[in-house]
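The residues of the chain are indexed from 1 along the displayed sequence.
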Amino acid sequence: MKKIALLFGMLLFAFGMQARVVGTEFSPAGCVSCDSTIYQQVEVQPEFPGGTKALMAYLSENIIYPTASLESRSQGRSIVRFVVNVDGSIENVEVLRSSGDVLLDKEAVRVVEWMPKWSPGKMQGKPVRVFFTLPITFRLK
């Protein structure tokens, strides 16, 4: 079988002391709560359990290169954005920029949706919902 190497771009961290509110959502009960605000910049960024090295290990162990993409020698980088909730769970996973191969994009979304809980981002010492952007590069050797 062909050797597959997955290279991952740098995680896009946006550090800042002032938070910028990106949007709000309604809670399931239909009312807006303070936990419904999603921040783009926070004082303390959300973190994968074990840090960046552990995130890269998780991705390399859990990404399954789609067979059709292997056969067509398709490669590319999917940039995925998701929300890290106050409890560290992941939701609202979406592809911001496609790799050019729908199957690779779907695999990037799948592996992010199955991530374990993260340490949440914080503002003024309190956990908040934060957008996180992650580039995932698919490369064949």
Side-chain angles (χ1 to χ4, degrees), residues 1-17 19-141:
M1 184 166 181
K2 300 174 188 174
K3 275 189 159 186
I4 301 172
L6 299 175
L7 301 177
F8 303 99
M10 296 294 291
L11 297 177
L12 303 175
F13 291 104
F15 291 101
M17 294 308 289
R20 184 169 55 143
V21 177
V22 174
T24 58
E25 295 178 5
F26 289 95
S27 68
C31 64
V32 177
S33 70
C34 60
D35 290 340
S36 65
T37 301
I38 304 173
Y39 292 87
Q40 187 166 320
Q41 296 178 343
V42 290
E43 294 168 346
V44 177
Q45 286 290 324
E47 185 178 42
F48 186 84
T52 304
K53 281 187 176 183
L55 173 59
M56 295 304 135
Y58 167 82
L59 292 172
S60 65
E61 292 169 8
N62 290 283
I63 287 179
I64 302 168
Y65 219 101
T67 305
S69 298
L70 267 174
E71 291 170 357
S72 67
R73 307 275 309 150
S74 181
Q75 302 181 91
R77 182 172 65 174
S78 300
I79 298 180
V80 181
R81 181 174 80 165
F82 51 94
V83 175
V84 179
N85 286 310
V86 294
D87 66 352
S89 62
I90 304 297
E91 71 176 9
N92 299 339
V93 181
E94 63 180 337
V95 175
L96 286 183
R97 189 166 57 183
S98 174
S99 64
D101 181 331
V102 174
L103 296 175
L104 295 179
D105 294 341
K106 285 183 180 181
E107 180 58 15
V109 168
R110 183 197 69 80
V111 79
V112 168
E113 287 177 337
W114 284 94
M115 283 184 177
K117 288 188 176 185
W118 289 44
S119 298
K122 293 185 179 180
M123 285 297 294
Q124 298 175 351
K126 295 181 183 179
V128 294
R129 298 175 75 209
V130 181
F131 279 118
F132 196 90
T133 303
L134 178 66
I136 301 175
T137 301
F138 294 87
R139 182 159 298 149
L140 298 170
K141 274 197 169 181

Pairwise distance OG(Ser72) to CG(Leu70) - rounded to 0.5 angstrom: 8.0 Å
Run the salt-bridge test on Arg110 and Glu113 with the 4.0 Å N-O cut-off and return the result as yes or no. no
Quick check: do Asn92 and Arg129 have side-chain heavy atoms less than 4.5 Å from each other? yes
Is the shortest side-chain heavy-atom distance between Phe131 and Val83 below 4.5 Å? yes
Separation between CG of Asp105 and OG of Ser98, rounded to the nearest 0.5 Å: 3.5 Å
Consider side-chain contact (heavy atoms from CB on, under 4.5 Å). Of Val111, Leu55, Ile79, which one does Leu134 pass it with? Leu55
Looking at every heavy atom in both Pro135 and Arg77, which two are closest together, and how far apart are they? CB-CD, 3.9 Å
Taking all atoms of both residues into account, what is the closest heavy-atom pair of Gly88 and Pro120, and its distance? N-CB, 4.5 Å
Specify the closest pair of heavy atoms between Val130 and Gly121, including all atoms of both residues, with the distance to one decimal. CG2-CA, 3.9 Å
CD/Gln124 to CD/Glu43 distance, rounded to the nearest 0.5 angstrom? 6.0 Å
Side chains of Val128 and Thr37 in contact at under 4.5 Å (non-hydrogen atoms): no
Donor-acceptor contact below 3.5 Å, side chain Glu107 vs main chain Tyr65: no
To the nearest 0.5 angstrom, please state how far the CG atom of Leu103 sits from the OG atom of Ser74. 8.0 Å
Does some side-chain heavy atom of Met115 sit less than 4.5 Å from a side-chain heavy atom of Leu59? yes
Distance check, rounded to the nearest 0.5 Å: Ile136 atom CD1 versus Met56 atom CE? 8.5 Å
What one should report as the nearest heavy-atom pair of Arg139 and Gln75 is CG-OE1, 3.0 Å
Atom CD of Glu47 and atom CH2 of Trp118: how far apart are they, to the nearest 0.5 Å? 8.5 Å
Shortest non-hydrogen pair, Ser99 vs Leu104, comes out as OG-CB, 3.5 Å
What are the two closest heavy atoms between Val42 and Val44, and how far apart are they? CG2-O, 3.1 Å
Decide yes or no for Phe138 and Asp101: does some side-chain heavy atom of the first lie under 4.5 Å from some side-chain heavy atom of the second? no
